[in-house]
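First up is the structure itself, then whatever we jot down about it.
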Amino acid sequence: MSDQVTTSDLVFCPGPVSALPAERDREPKQPGAVPDDRLMLQSILNEAFNQYIFNRVENILKLAETNDADYSKTVHEVRGLLSRMLKLAGKLKDQYPELIDLVMELESYTALESGQSADIAYKQGLRDSGYIHQEFMTFLQQR
């Protein structure tokens with residue numbers, strides 16, 4: 001490993017993560033079992049919604065990094081710190097060989113936590129918006 005690490009070498013956004021198992025991970029169907037179309041449809045809709053949320057959150061964070069000076073500064077600081085930690089871990093790899101793995105694991109979990117936080121906030125915003133819309137429609141119907 002080279003001691004030279006650039007911030008472009010660091011990856012901060014986790015890939016799409018779904019609570020649903022991938023098609024290859026699903027249990028095989030029992031012979032003679034009738035597929036439950038409702039469960040299959042629900043699974044497909046959940047997967048599509050999770051992918052939409054991931055894409056939307058990623059887009060929002062990219063825009064925020066461009067448009068929000070505080071967020072942009074924080075992202076830059078985190079990348080700089082991780083880069084410095086990787087350089088130091090590279091220099092100390094003979095003494096502490098596990099240090100590079102720890103830094104990389106920290107980077108992964110930091111990105112995951114950030115993505116999950118954004119995902120939770122976005123979903124709550126959707127729920128809040130739906131609730132406000134529902135309350136407003138109820139109010140209009142009562143008038």
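One-based numbering along the sequence shown.
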Inspect the contact between E77 and R84 and indicate whether a charged nitrogen and a carboxylate oxygen are less than 4.0 angstrom apart. no
Can you list the residues that meet the side chain to side chain contact (heavy atoms under 4.5 Å, CB included) rule with R56, with sequence neighbours excluded? Y52, N59, I60, Y122
Ignoring hydrogens and angles, tell me if any N or O in the side chain of T138 forms a donor-acceptor pair with the backbone of Q134 under 3.5 Å. yes
Return the CG to CG distance between L61 and D119, rounded to the nearest 0.5 Å. 10.5 Å
Shortest non-hydrogen pair, V103 vs A89, comes out as CG2-CB, 4.4 Å
For L106, does its backbone N or O pair with a side-chain atom of T110 as donor and acceptor, under 3.5 Å? yes
side-chain contact (heavy atoms from CB on, under 4.5 Å) partner of K123, the single match among V57, I53, D128: I53
Are the side chain of T74 and the backbone N or O of D70 linked by a donor-acceptor pair below 3.5 Å? yes
Got a second to check how far H76's NE2 is from S72's OG, nearest 0.5 Å? 8.5 Å
Might you confirm whether atom CZ of R38 has over 12 heavy atoms from other residues, nucleotides or ligands at distances under 6.0 Å? no
Between atom CG of L140 and atom CE of M137, what is the distance when rounded to the nearest 0.5 Å? 6.0 Å
Just how far is it from atom CE of M104 to atom CD of E107, taken to the nearest 0.5 Å? 5.0 Å
Is there a side-chain contact between Q124 and R127 (heavy atoms, below 4.5 Å)? yes
Would you say the side chain of M85 lies within less than 4.5 Å of the side chain of L99, judging by non-hydrogen atoms? no
With E105, which residues qualify under side chain to side chain contact (heavy atoms under 4.5 Å, CB included), at least two apart? Y109
If you define the side chain from C-beta out and look only at heavy atoms, does anything of Q51 sit under 4.5 Å from N55? yes
Using modelled atom types only, decide if a donor and an acceptor are shared between the side chain of S117 and the backbone of E113 within a distance under 3.5 Å. yes
Could you tell me the separation between the CZ atom of F139 and the CD1 atom of I132, rounded to the nearest 0.5 Å? 14.5 Å
Heavy-atom check, side chain of V75 versus side chain of Y71, under 4.5 Å: yes
Please round to the nearest 0.5 Å and tell me the distance separating atom CD of Q42 and atom CG of D36. 9.5 Å
